[in-house]
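Below is one structure, written out as structure tokens; comments come after it.
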Amino acid sequence: MKLTILGLGYIGLPTAAMFANRGYDVLGIDIDEEKVDEINRGHFRIEEPGLKAFLRDAKNSGNFKVSTKMEDSDVFIITVPTPLKENKAPDLSYVESAAEMISKTLKKDNLVVLESTVPPGTTIETVIPILEKSGLKSIDDFKVAYCPERVMPGKILKELTENDRIIGGIDEESRQRAKKLYSSFVEGKLYLTNPTTAEFVKLAENTYRDVNIALANEFAKLCEKHPTSVWDVVKLANNHPRVYLHKPGPGVGGHCLPIDPWFLVDEDAELIPTSRKINDEMVDHVIKLIEKHAPEGQIAVLGASYKANTEDTRSSPTLQLLKKLHDRKVKVHDPYVSEYDSNLDSVIEGTEAIVLMVDHKEYNDIDPRILSKKMKGNIIIDTKNCLEEKEWTEAGFKYVLLGSNKHD
Ligand code: SAJ
């Protein structure tokens, strides 16, 4: 079975390797010639546990080649990005041009699968009309399904196989063919539905998470006005069998949660844009904490990535913080992101305050007694509740925890 994957990014590349390692004859297509050359030379830009070895296995299997040029295929899978435009409208241009490329090669009985995150209705209203420029008719001549990826960066290979998957086919045969395709590596359940439901489900999942985080962030700001801590409130409330509050923090980053909820927004949406605003403004709240507790002097920011233990900085709250703190002297530490200093001692040297933005595992091992000797000031602002208040206070620090005004 010949399978072509269009878009060799965070999802497309591991998925292509997955199919190749399962015996499919895979052609990976990307419009970026440099990236295609790199992959052909065995160099992969994506940092993901286990991925390099997995991709090498795929290349060595002889089943996996990459190119900028399309060929005939039995199956086409689209895994291109869908960014947001300046006005928060989805930019479907990559999906459209991938569908255009397929329409020029499409043959009778082909199956086309869209995996990219898209607004509800995109498969039916945008992708199929472009594919039908081939002169072939969907359902009668070729099959189509929307099957969203749902993997967590940092666990891509594990979640690709273990997670359940939604299969949104345009008819029963499309659903069955897509189901067979994914059951070659998915160990989770495969749920069958129509394309628009599948598109909505993907967006509902990320919007649920974003809205829930916004609620936690709102609680954090409210808790700061009372002798309590949002972290205790979340932990204790989550003992209730029907409550699952998320964690507050300095904002929501990554390439999914800050973007996908906008794909659902129209004139009837109120909660979704409000939640986005709350999460985006958490960086301003961190700045307020800095202005209150460390109005002057140099600041050391710990963590630049969008979440713990990754080098991925896309839409990271720290990058927003740095932009907004442009009039302060700031040094940034990150053990994963190569653009920043990975030597903690040199970053905190002479600083007035530390602002911890990411709960990288390395930060659990910091000894505050050593840091306090090298710093000028003694302020630590913990936005992730990942440090021990007692330990830092005993080392002479003023420990400030986002979302907390509890001191007993
Ligand atoms: N965050 C919080 N509080 C929390 C959880 C997360 O502030 O309780 C922040 C993180 O620090 C980070 C941001 O949210 O800045 C996003 O991180 P994440 O771990 O929630 O999600 P992503 O973007 O890495 O991956 C999400 C996942 N979606 C869901 O869990 C519903 C993943 O399964 C999706 O496949 C992925 O988006 C995607 O590609 O859409």
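For ligands, and for the atoms within them, numbers begin at 1 and follow the listed sequence.
- Among all protein heavy atoms, the one lying closest to atom 12 (C) of ligand 1 is Tyr306 O, 3.5 Å.
- A salt bridge links Asp284 with Lys324: at least one charged nitrogen is closer than 4.0 Å to a carboxylate oxygen.
- For atom 33 (O) of ligand 1, the closest non-hydrogen atom of the protein is Arg150 O, 3.0 Å.
- Salt bridge status for Glu149 with Arg165: absent, with no side-chain N to carboxylate O gap under 4.0 Å.
- With salt bridges taken as basic N to acidic carboxylate O contacts below 4.0 Å, none links Asp91 and Lys85.
- Residue Pro153 has at least one heavy-atom neighbour below 4.0 Å for each of these atoms of ligand 1: 24 (O), 25 (O).
- With Leu3 as the fixed residue, the side chain to side chain contact (heavy atoms under 4.5 Å, CB included) test singles out one of Val75, Leu111, Val113: Val75.
- Annotation: atom 18 (P) of ligand 1 to nearest protein heavy atom, Arg209 NE, 3.7 Å.
- By the 6.0 Å and 45° rule, Arg369 does not stack over the aromatic ring of Phe397.
- Among protein heavy atoms, the minimum distance from atom 37 (O) of ligand 1 is reached at Cys256 CB, 3.3 Å.
- Compare Ile213, Asn217, Thr310, Val151 by their heavy atoms: the one nearest to atom 7 (O) of ligand 1 is in Ile213.
- At a 4.0 Å cut-off, not a single heavy atom of Gly249 sits close enough to ligand 1 to count as contact.
- If you take CZ on Arg22 and CE on Met1, they are separated by 15.5 Å, rounding to the nearest 0.5 Å.
- Looking at ligand 1, you won't find any N or O of Glu205 less than 3.5 Å from one of its N or O atoms.
- At least one heavy atom of Gly253 sits closer than 4.0 Å to an atom of ligand 1.
- For Asp260, the closest heavy-atom approach to ligand 1 falls below 4.0 Å.
- With Asp210, Asn206, Asn163, Ile156 as candidates, the residue nearest to atom 29 (C) of ligand 1 on a non-hydrogen basis is Asn206.
- Other residues, nucleotides and ligands place no more than 12 heavy atoms under 6.0 Å from the NZ atom of Lys292.
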Exercise. Do Asn163 and Glu187 pass the side-chain contact (heavy atoms from CB on, under 4.5 Å) test, and can you show the C-alpha distance, the side-chain angles, and the key distance before you say yes or no?
Worked result: CA-CA 7 Å; Asn163 286 6; Glu187 291 160 15; over 6 Å; no

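- Applying the 4.0 Å criterion to heavy atoms of Val252 picks out, from ligand 1, the atoms 13 (C), 14 (O), 15 (O).
- Closest to atom 21 (O) of ligand 1 among all protein heavy atoms lies Met152 SD, 3.8 Å.
- Applying the 6.0 Å contact sphere to NZ of Lys180 captures no more than 12 heavy atoms from other residues, nucleotides or ligands.
- Among Lys384, Lys202, His255, the residue whose heavy atom lies nearest to atom 11 (O) of ligand 1 is Lys384.
- Around atom 4 (C) of ligand 1, the closest heavy atom drawn from Glu149, Lys307, Lys247 belongs to Lys247.
- Just one residue in the list Val301, Val330, Ile379, Ile381 forms a side chain to side chain contact (heavy atoms under 4.5 Å, CB included) with Ile290, and that residue is Ile381.
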